[in-house]
Amino acid sequence: MKSLILTFAALLMFPLGMMGQQLPQFAYNDFEGWTYNGAELTSTNIGNWRITLYVTKQNVALTLTSPEFTCQGIDSIRADVSWKSLSIDVPLTMAIDDAEGTPLDSVSCYPPQAITAPQTLTLVLAVPDGLTTARLRFVSWEANVNNGGAVKKIVLTGLASGTPTVVKGDVDGDGRVNIGDVTALINYLLSGNDSINPDAADTDTDGRVNISDVTALINMLLSGTV
């Protein structure tokens with residue numbers, strides 16, 4: 001019994017990204033290979049917990065770019081971005097570039113509300129046909145020093161054809177996010193017997209399913225962001 005409990009605990013802490021192809025991830029304390037405005041990203045220019053993205057007074061767009069990665073077996077890429085903006089009218093853009101840095105496509109997402117705390121934006125971008133390696137570039141073209149945005153974390157997931165759409169927080173898979181999902185998640189953490197979608201259960205998008213996701217899910221329900 002003790003060994004079963006330890007095994008279950010280990011599975012809870014297993015990064016979800018390891019179940020599929022590993023894409024480069026970004027966090028304020030883990031950003032190996034990422035570049036900021038075309039230069040190597042270091043702890044000195046990341047600034048507290050965030051990277052600021054806006055257009056300077058000299059009309060220079062500050063961008064955050066991922067390391068190069070392989071697109072083999074990936075039809076589209078999903079990015080869950082911890083984003084804080086001072087304006088609801090300032091979108092975040094994710095662009096995909098080829099290995100030579102040529103822009104190929106992009107998608108933008110507006111924050112649902114302008115608040116001082118970070119909120120999660122979800123962007124999904126199709127991988128162009130024939131592309132084998134790429135980089136992702138994040139920028140906020142409509143932001144300036146007065147209403148700029150900031151990124152704290154980016155969780156990237158590669159999606160293949162037929163990958164079901166995941167509704168963050170819909171732990172029991174009934175198409176709705178409500179108190180029943182909190183119950184399902186708690187039951188899963190306590191017993192591990194319930195069948196859940198781990199991507200939907202990872203409500204704080206840290207790549208793990210644990211008690212912090214219960215807190216994040218409750219906060220989603222209380223704040224009305226579901």
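On a predicted model such as this, the values are computed, not experimentally measured, just so you know. Just the heavy atoms: all of them, side chains too, but no hydrogens, waters or symmetry mates, feed the values below.
- Of the possible polar contacts, none joining the D213 side chain to the A216 backbone as a donor-acceptor pair under 3.5 Å is found.
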Trace of the side-chain contact (heavy atoms from CB on, under 4.5 Å) decision for I77 with V124: CA-CA 6 Å; I77 299 171; V124 178; over 6 Å; no
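- Just one of D204, N178, T203 meets the side chain to side chain contact (heavy atoms under 4.5 Å, CB included) condition when paired with L217; it is T203.
- The two residues S212 and N210 have their closest heavy-atom pair at OG-OD1, 2.6 Å.
- Placement of V151 and Y28 within a single hydrophobic cluster is found when ILVMFWY residues are connected by side-chain heavy-atom separations under 4.5 Å, directly or transitively.
- With sequence neighbours excluded, the residues that form a side chain to side chain contact (heavy atoms under 4.5 Å, CB included) with V107 are M94, L123, L125.
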Using residues 56-65 as the side-chain source, report each donor-acceptor pair under 3.5 Å to any protein atom, sequence neighbours left out, with the distance given to one decimal.
unit_1: T56; atom_1: OG1; unit_2: Q58; atom_2: N; d: 3.3
unit_1: T56; atom_1: OG1; unit_2: V60; atom_2: N; d: 3.1
unit_1: T56; atom_1: OG1; unit_2: V60; atom_2: O; d: 3.4

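- Between the CD1 atom of I218 and the CG atom of D181 there is a distance of 11.5 Å, given to the nearest 0.5 Å.
- No side-chain donor-acceptor contact under 3.5 Å links D80 and T120.
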Check the pair C109 / L92 against side-chain contact (heavy atoms from CB on, under 4.5 Å), numbers first and verdict last. CA-CA 5 Å; C109 182; L92 175 66; 5.6 Å; no
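- Proximity of V127 to I74: side-chain heavy atoms (C-beta onward) are separated by under 4.5 Å at one or more points.
- In this structure, S106 and T93 approach most closely via the heavy-atom pair CB-CG2, 4.0 Å.
- Side-chain contact, Y54 with S85: no donor N or O sits under 3.5 Å from an acceptor N or O.
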Take T183 and L185 through the test side-chain contact (heavy atoms from CB on, under 4.5 Å) and record every step on the way to the result. CA-CA 5 Å; T183 302; L185 182 52; over 6 Å; no
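- With values rounded to the nearest 0.5 angstrom, K153 atom NZ is found 11.5 Å from D30 atom CG.
- Interatomic distance, N147 CG to E142 CD, rounded to the nearest 0.5 Å: 9.0 Å.
- Hydrophobic clustering, with ILVMFWY side chains joined whenever heavy atoms are under 4.5 angstrom apart, groups V182 together with L190.
- Note: F31 CZ to S66 OG = 15.0 Å, rounded to the nearest 0.5 Å.
- Taking CG of L136 as the reference point, atom CD of E68 lies at 11.5 Å (rounded to 0.5 Å).
- Residues V81 and F138 form a side-chain contact, since some pair of their non-hydrogen atoms from C-beta on lies under 4.5 Å apart.
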Evaluate the side-chain contact (heavy atoms from CB on, under 4.5 Å) criterion for residues S140 and W83: first the C-alpha distance (whole Å), next the side-chain angles of each, then the deciding distance (0.1 Å), finally the verdict. CA-CA 11 Å; S140 187; W83 169 255; 3.8 Å; yes
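- If you chain together hydrophobic residues whose side chains sit under 4.5 Å apart, V155 and F69 never meet in one group.
- Hydrophobic clustering, with ILVMFWY side chains joined whenever heavy atoms are under 4.5 angstrom apart, groups I154 together with L41.
- Atoms CZ and CG, from R137 and L104 in turn, are 9.5 Å apart once rounded to the nearest 0.5 Å.
- Closest heavy-atom contact between V171 and A201: CG2-CA, 4.0 Å.
- The minimum heavy-atom distance linking L121 with Y110 is given by the pair CD2-O, 3.9 Å.
- The nearest pair of heavy atoms linking A160 to G73 is CB-O, 3.7 Å.
- Considering only residues two or more places apart in sequence or on other chains, F26 meets the ring-ring contact (aromatic ring centres under 6.0 Å, His included) condition with W34.
- Ion pairing between K168 and D170 fails under the 4.0 Å rule for side-chain N and carboxylate O.
- Hydrophobic clustering (ILVMFWY, side-chain heavy atoms < 4.5 Å, transitive): L221 and I186 are in one cluster.
- Here the side chain of Q25 pairs a donor or acceptor atom with the backbone of L23 at under 3.5 angstrom.
- A donor-acceptor contact shorter than 3.5 Å links the side chain of Y36 to the backbone of T52.
- Between D97 and R135, none of the side-chain N atoms (NZ, or NE/NH1/NH2) sits under 4.0 Å from a carboxylate O, so this pair counts as no salt bridge.
- For A134 against C71, the heavy-atom pair with the smallest separation is CB-SG, 3.7 Å.
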